[in-house]
Amino acid sequence: MVTHRALHVWRRNFSVYLTHYKPSLVGNIGEPLLYLFTMGMGLGGYMSGIGGMPYINYIAPGLIVTTAMYSAVFECTFGSFTRMTVQGTYESIISTPVSLADLVVGEIMWGMTKSMISATVMVIVMTLFGLYAPGPGFLGIAVTVAFTGTLFAAAAICFSAISPSYDFFDYFFTLAVAPMFFLSGVFFPLDQFPDAVKWLSLTLPATHSVNLIRFFFHGSVGEGLVAAPVFLAAGALFFTWLAVRLVRKRIVV
């Protein structure tokens, strides 16, 4: 059972983050910003636009999702694995009144927070460059990022719990994360792809996040918009439950 002690785990990670937040933030948002401006302005200069809008405006919402996704998975793979194995932080924490479930949920909450921080900075940059006009839709973006960050943080901890080494993460990033970067409608609509690819896209959580954020960002309606919140919430709950079980198997309590 999860208790309020999960917040202590979150606060511990936040305190550590404050000591090196600048390079961490640059690492989380640097690549998405490069994609935004190099592809949006470079490739976008050769395109007439998509969906009646400039290409840079089209890809902007999707890059908020990829920023949130990568922030969560990097924190909860390399960061969590280090705390779980190399540093022995997990064993130290569960020797206190903090339970293993509190520990895992606190880690997931921290991964979600990293997603929120990075996505917020991206939205601020987009606002400064005139790509986004702040309004009521920002609340929808924030909620979507929170669920997206929770889902990917929990999934990353699941993989960390079964990884024998850092090299094992290549499987996760190549086989799980990379397809969502290219097949979730971030850079182009999937209308021209074969039906099999379209169906595969609908099984990827990033696709539903992109559809939701694109709707809240500039009102675009995508396929499966109504089911998207249910998909993300169910995925977040499932992977959180699974993460607790897998970490419990990894660490003898």
Side-chain angles (χ1 to χ4, degrees), residues 27-32 35 59 61-85 104-105 107-116 118-119 144-188 190 193-213 222-224 227-247 249-250:
N28 290 147
I29 70 171
E31 186 173 336
Y35 273 108
I59 66 174
L63 288 174
I64 294 174
V65 174
T66 61
T67 302
M69 177 177 69
Y70 275 106
S71 295
V73 297
F74 271 108
E75 177 62 35
C76 293
T77 49
F78 293 101
S80 293
F81 185 79
T82 299
R83 292 188 286 271
M84 190 185 306
T85 59
V104 174
V105 171
E107 287 275 285
I108 293 170
M109 289 169 57
W110 174 238
M112 179 270 290
T113 302
K114 289 287 292 290
S115 293
M116 295 288 291
S118 298
T144 303
V145 168
F147 277 104
T148 301
T150 301
L151 190 156
F152 282 106
I157 290 182
C158 289
F159 203 83
S160 296
I162 63 173
S163 297
S165 68
Y166 290 105
D167 293 333
F168 206 67
F169 293 139
D170 289 339
Y171 290 108
F172 181 63
F173 283 97
T174 302
L175 301 178
V177 178
M180 284 185 275
F181 189 70
F182 294 107
L183 298 178
S184 298
V186 175
F187 296 106
F188 40 76
L190 300 175
F193 278 79
D195 289 339
V197 177
K198 294 178 185 177
W199 281 106
L200 173 62
S201 175
L202 291 176
T203 67
L204 304 177
T207 300
H208 301 280
S209 298
V210 170
N211 287 340
L212 280 173
I213 290 189
E223 187 176 354
V230 177
F231 187 99
L232 293 176
L237 287 172
F238 170 75
F239 282 113
T240 298
W241 169 81
L242 184 60
V244 173
R245 290 180 61 87
L246 293 176
V247 173
K249 288 183 178 181
R250 180 70 180 257

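Quick caveat, the model's predicted, so the values are computed rather than measured. For the single chain, residues carry numbers from 1 onward in sequence order.
Inter-residue side-chain proximity for T240 and V104 is flagged as unmet; no heavy-atom pair is nearer than 4.5 Å. Side-chain contact between L212 and F147: absent, with no pair of heavy atoms (C-beta onward) separated by less than 4.5 Å. Contact check for T85 versus R250: side-chain heavy atoms found under the 4.5 Å cut-off. Using a 4.5 Å heavy-atom cutoff, the side chains of F181 and F173 are not in contact.
Under 3.5 Å, the side chains of S201 and T207 contain a donor-acceptor pair of N or O atoms.
Using cut-offs of 30° and 60° on the angle between ring planes, the pair F188 and F193 is parallel. The aromatic rings of F159 and F168 sit parallel, their planes meeting at an angle under 30°, below the 60° perpendicular limit. Ring orientation note: the planes of W241 and F238 are tilted relative to one another, at an angle of 30° to 60°. Between F169 and F78, the ring planes are perpendicular. Angles over 60° get that label, and only those under 30° would be called parallel.
Side-chain N or O atoms of S115 include one that pairs as donor or acceptor with a backbone N or O of A68 at under 3.5 Å. Put simply, the side chain of H208 never gets that close to the backbone of P229: no donor and acceptor are under 3.5 Å apart. For T203 (side chain) and L200 (main-chain N/O), a donor-acceptor pair under 3.5 Å exists by modelled atom type.
Residue I108 comes nearest to A243 through the heavy atom pair CD1-CB, 4.4 Å, listed as atom of the first residue, atom of the second, then distance.
Ring pair F152/Y70: centre-to-centre distance not below 6.0 Å.
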